Each structure stands twice: as structure tokens, then as C-alpha cells.
Amino acid sequence: MFQLTIRRRGAQAVVAQCVTALSVMALSVLAWLRAEQVTDDRGSDSSEKAFMVILAIALGGAVSVAAIAFVASKTSLFQ
């Protein structure tokens with residue numbers, strides 16, 4: 001009798017795991033069918049492009065200033 005209850009508990013756990021796995025798979029398939037995770041391949045919008053251009057100009061300016069300062073400090077050693 002004791003072994004019978006252990007087997008039932010084990011079977012119930014297996015059934016619960018199978019139901020959980022099937023539910024997750026069903027929800028994943030439904031989400032895929034509804035196309036909830038569609039990526040937009042039209043490119044970024046203009047505000048993002050403008051931000052990236054401004055960021056690139058700012059980084060370029062910072063690198064230029066650092067390079068000029070470095071060269072000026074090295075040339076000052078020879079004067």
C-alpha cells in the first residue's frame with residue numbers, strides 16, 4: 001500500500017510536468033502564429049538617426065581634441 005502511494009505521487013508529478021510543458025509549447029506556438037515577436041526591418045526612425053549622427057559628431061570632435069592635445073603636449077617637449 002505504501003509503494004502504491006509513492007507511485008501515484010510520482011505519476012502525478014510526471015503528469016503535472018507534461019501538462020506544464022505542453023502549455024508552454026502551446027502558448028509559444030500561439031504567440032508565433034499571432035506574430036507577436038515580429039522585428040521591424042524598415043530601419044530606424046529619423047529621430048534615432050539624428051541622435052546617432054549627433055553622437056558620431058560629438059565623439060569625432062572629442063577624439064580630435066584629444067589627438068590635438070596629445071600632439072601639442074609631445075611637440076612642447078621638443079621646444
Side-chain angles (χ1 to χ4, degrees):
M1 187 102 179
F2 182 68
Q3 292 177 350
L4 182 61
T5 57
I6 292 174
R7 287 184 187 162
R8 282 188 186 166
R9 287 182 188 167
Q12 288 175 352
V14 170
V15 169
Q17 289 175 352
C18 289
V19 168
T20 304
L22 289 174
S23 299
V24 168
M25 286 177 38
L27 289 174
S28 299
V29 169
L30 287 175
W32 178 74
L33 288 174
R34 291 185 62 199
E36 290 179 353
Q37 298 173 353
V38 175
T39 57
D40 187 11
D41 61 350
R42 293 179 291 161
S44 58
D45 59 352
S46 60
S47 63
E48 290 177 2
K49 290 179 184 176
F51 175 72
M52 294 304 285
V53 168
I54 292 169
L55 184 63
I57 292 170
L59 285 174
V63 169
S64 297
V65 168
I68 291 169
F70 177 77
V71 170
S73 68
K74 295 302 173 186
T75 56
S76 69
L77 293 174
F78 295 108
Q79 292 177 356

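These figures come from a predicted structure and were not determined experimentally. For this chain, numbers begin at 1 and follow the sequence in order.
- Here Ile57 is tied into one hydrophobic group with Val53, each link being a pair of ILVMFWY side chains closer than 4.5 Å.
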Listed pairs under 3.5 Å, donor-acceptor, residues 60-77 side chains, sequence neighbours left out:
unit_1: Ser64; atom_1: OG; unit_2: Gly60; atom_2: O; d: 2.9
unit_1: Ser73; atom_1: OG; unit_2: Ala69; atom_2: O; d: 3.4
unit_1: Ser73; atom_1: OG; unit_2: Phe70; atom_2: O; d: 2.7
unit_1: Thr75; atom_1: OG1; unit_2: Val71; atom_2: O; d: 3.0
unit_1: Thr75; atom_1: OG1; unit_2: Ala72; atom_2: O; d: 3.1
unit_1: Ser76; atom_1: OG; unit_2: Ala72; atom_2: O; d: 3.4
unit_1: Ser76; atom_1: OG; unit_2: Ser73; atom_2: O; d: 2.8

Just distance, no hydrogens or angles: give the donor-acceptor pairs under 3.5 Å from side chains in residues 15-26, sequence neighbours left out.
unit_1: Thr20; atom_1: OG1; unit_2: Ala16; atom_2: O; d: 2.8
unit_1: Ser23; atom_1: OG; unit_2: Val19; atom_2: O; d: 2.8

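- Through direct or relayed side-chain contacts under 4.5 Å between Ile, Leu, Val, Met, Phe, Trp and Tyr, Leu55 connects to Phe51, Met52, Leu59.
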